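One structure below.
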Amino acid sequence: MAIYINKKTRVLVQGITGKQGSFHTGQMLDYGTHIVGGVSPGKGGQAVEGVPVFDTVFEAMEKEPAEASILFIPAPFARDAALEALDAGIKLLVLIPEHIPLHDAMDIMAFAKHKGAVVVGPNTFGLVSSGYCKIGIMPNKYFIPGPVGVVSRSGTLCYEIVGHLTVNQTGTTTVVGLGGDRVVGLHFIDVLKQFEADPETRVIVLIGEIGGSAEEEAADFIAGGISKPVVAYLAGKSAPPGKRMGHAGAIIERGKGTFDGKVKSLTTAGVKVAALPGQVVRLIQEAM
Amino acid sequence: MKLYEYLGKKLFREYGIPVPRGKVVASAEEAAEAAAGLGEVVIKSQVLSGKRGKAGGISFASNPDQAREEAGRILQMEINDLVVEKLLVEEKLKIEQELYLALAVDCSTKLPIVLASLDGGMDVEDVPEERMIKWPVDVSIGLQDYAVREICRQLGVSGSLKNEIISFMPKLYQFFRAMDAELAEINPLAVTAQGLVAADAKVTIDDDAIFRHRELPKIKEKTALEMRADELGLAYVELDGNIAIMANGAGITMATLDMVQHFGGKPANFLDFGGGADVDRTAQALELLLATNPKVLLINIFGGITRCDVVAEAFVKVRERKGFNLPVSFRLVGTNETEGRAMLEKTGIKVFSTMDDAVRQAVEAARAL
């Protein structure tokens, strides 16, 4: 078992004929993802990597019903494509693009809530149930099955840490990228709940960073509701206040969202916080 | 993008939000002229910094001569390292009461949130938590009257003030949504005999939505290098150390900086050149970094969609073109690692496979200088 997605999940790719869309469709197919269709307005009837392309999500859902969709659409147009997917009945929406306007993200989240759908991202690498299904852009070879559940705000840092695990023959159940933006669909708490309920996940790794209050909220939740060991790494210890460190959400504002505050909250909740990314492996081994 | 107060107020006016009568000026003489039609005035420095009052950047004058004198003084000032170039000369309001009102984005609820308090006019950080009313707004219905009535009840406001707030607040909400604001703060919101007036305007527009607001002027908040990086689409922050750092992805770049500091070094910058960059873009990022004259260069690549051979090719090209000779610490793993590694090693660059080793080497090189 894994969380959110599995071998049977039927997936659409919105923006499948673009450079990123077509490349990652190939990568996801290689990984074993069950991609049933693509959407690109005006390009219906074509095929990308053997996957049929439709003009609208509604058409795709009529001919190749899917539960999930992944978006490779330029940020200014992402809102329309995301609302289309949700309206057509997609229940898990993965938003890859960075720089989606904040108000667009809020509109998407409100509509998703109304439709009872889960949104991953924006500005995420996606999610992968290791060995079964990848809906995202992460490099395939690092994601092998195993007992560790991973949830991260950032992509490459997550690959770095999962890469260490892979080298040490430790695999993952599901790896979820929350996204680097301020308004994102899934929060740490949502994913922690799923990992707690997933019998195959034995240890949870939380990869956070400065800015916002998601780590503090996660710490409160862990203290009250998570029985499995949690190991964390947080980025941004050296970041100056008031500067946006690459991610829109990675900024210390008005004294809030500091590294020390987050470490303190997590430590108090019983989470082991690694000082360096390379130390996560040892903390996991100790926890198991 | 933060907006100057005068610009925020100009936009407020377009959305029917009352603001004081006033004029933007750039000289003491203009300030005197502006004051002539306004009676008692307040003269406010236009800089993108809070706490202008405490720094002496806000003053009052009761006639044009005084306005000239005060304006002249403030125009000489630097407030929190910012040069004062413009002043806002406004009528001095007869304020009965000062409120606080803002709309912001609440990341927890993923909704716009109304922040309202009777403790206006002071630093918002100093307002006790229980005296700040918070009301998330469902974007599918917007800010309805019933919500404002409830906010007023929680504030303990009734009578004519309540009615004024009910007519005022939806305008600020409309402004906030239509202008793609991430913050629209009025502190203080002045209660006067003529009604509610926005005595201040602190507005930040979402950078990712600027494309929808071409009418807005470009406001410089950044250094020349940071702006150049913006043009190139790179995430760059200047810092004060001597080890220049380049990596792919915000998280790993932050972690690289943290590790440099952990081992006793000082990062000169944050530079995330993103995932999947081609040779040209990688080369541009590298050239931008070299323009800062760093003492040591640290490159940390974990190639997923970023290809190691592309990064190596860009590096070799830039080195041939610029002929730089500073100590380089290179970590390169992931997609097409073997090819990338071979290209670098051919030119005598040692390649590390762990982040720890590369960072340690960079810190040692910086120490040896």
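Keep in mind that this is a model prediction, so the values were computed, not measured. Below, chain A is the first sequence line, B the second, and so on; all start at residue 1.
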Please state whether the rings of B:Phe302 and A:Tyr142 are parallel, tilted or perpendicular, taking 30° and 60° as the class boundaries.
tilted
So which part of A:Met106 gets closer than 4.5 Å to some heavy atom of chain B, the side chain, the backbone, both or neither?
both
Is it the backbone or the side chain of B:Asp356 that comes under 4.5 Å from a heavy atom of chain A, or both, or neither?
side chain
Contacting region of A:Phe111 [heavy-atom separation from chain B under 4.5 Å]:
neither
Can you list the steps and then say if B:Met254 with A:Ile210 is a side chain to side chain contact (heavy atoms under 4.5 Å, CB included)?
CA-CA 10 Å; B:Met254 267 189 273; A:Ile210 53 158; 4.0 Å; yes
Is it true that a side-chain atom of B:Asp272 and a backbone atom of A:Gly246 form a donor plus acceptor pair closer than 3.5 Å?
no
Can you check whether B:Met355 reaches A:Pro277 side chain to side chain, under 4.5 Å on heavy atoms?
yes
Could you tell me whether A:Asp104 and B:Arg212 have a side-chain N and a carboxylate O separated by less than 4.0 Å?
yes
Where does B:Phe176 contact chain A at under 4.5 Å (heavy atoms): side chain, backbone, both or neither?
both
Could you look at B:Phe273 and say if it's the side chain, the backbone, both or neither that has a heavy atom under 4.5 Å from chain A?
neither
Portion of A:His187 that has a non-hydrogen atom of chain B nearer than 4.5 angstrom
side chain
Under 4.5 Å from any heavy atom of chain B, what part of A:His24 do you find: side chain, backbone, both or neither?
side chain
Greatest number of non-hydrogen atom pairs under 4.5 angstrom with chain A, of B:Ala235, B:Ala255, B:Ser140, falls to B:Ala255
Chain B contact via A:Ala75 - which portion, at a heavy-atom distance below 4.5 Å
neither
Within the structure provided, determine whether B:Val105 and A:Arg182 are in side-chain contact (heavy-atom separation under 4.5 Å).
no
Flag the pair B:Leu257 / A:Met245 as yes when at least one side-chain heavy-atom distance between them is below 4.5 Å, and no otherwise.
yes
Main-chain N/O of A:Ala110 paired with B:Lys110 side-chain donor or acceptor, under 3.5 Å
no
Side-chain contact, heavy-atom cut-off 4.5 Å: A:Tyr159 with B:Val333?
no
Quick one: does B:Thr256's side chain get under 4.5 Å of A:Glu160's, heavy atoms only?
no
Of the backbone (N, CA, C, O) and the side chain (C-beta and beyond), which part of A:Lys237 lies under 4.5 Å from a heavy atom of chain B, both, or neither?
both
Under 4.5 Å to a heavy atom of chain A? For B:Thr253 that would be neither
Let me know if A:Arg244 has heavy atoms under 4.5 Å from chain B in its side chain, its backbone, both or neither.
both
Would you mind checking which part of B:Asn248 comes under 4.5 Å of any heavy atom in chain A, side chain (CB onward), backbone (N, CA, C, O), both or neither?
both
Just give me the residue among B:Asp180, B:Asp138, B:Thr306 that pairs up with chain A most often, heavy atom to heavy atom, under 4.5 Å.
B:Asp180
Go through the atoms of A:Ile207 and report whether side chain, backbone, both or neither lie under 4.5 Å from a heavy atom of chain B.
neither
If you define the side chain from C-beta out and look only at heavy atoms, does anything of B:Leu111 sit under 4.5 Å from A:Lys113?
no
Looking at B:Gly249 and A:Thr156, what are the two nearest heavy atoms and their distance?
CA-OG1, 3.3 Å
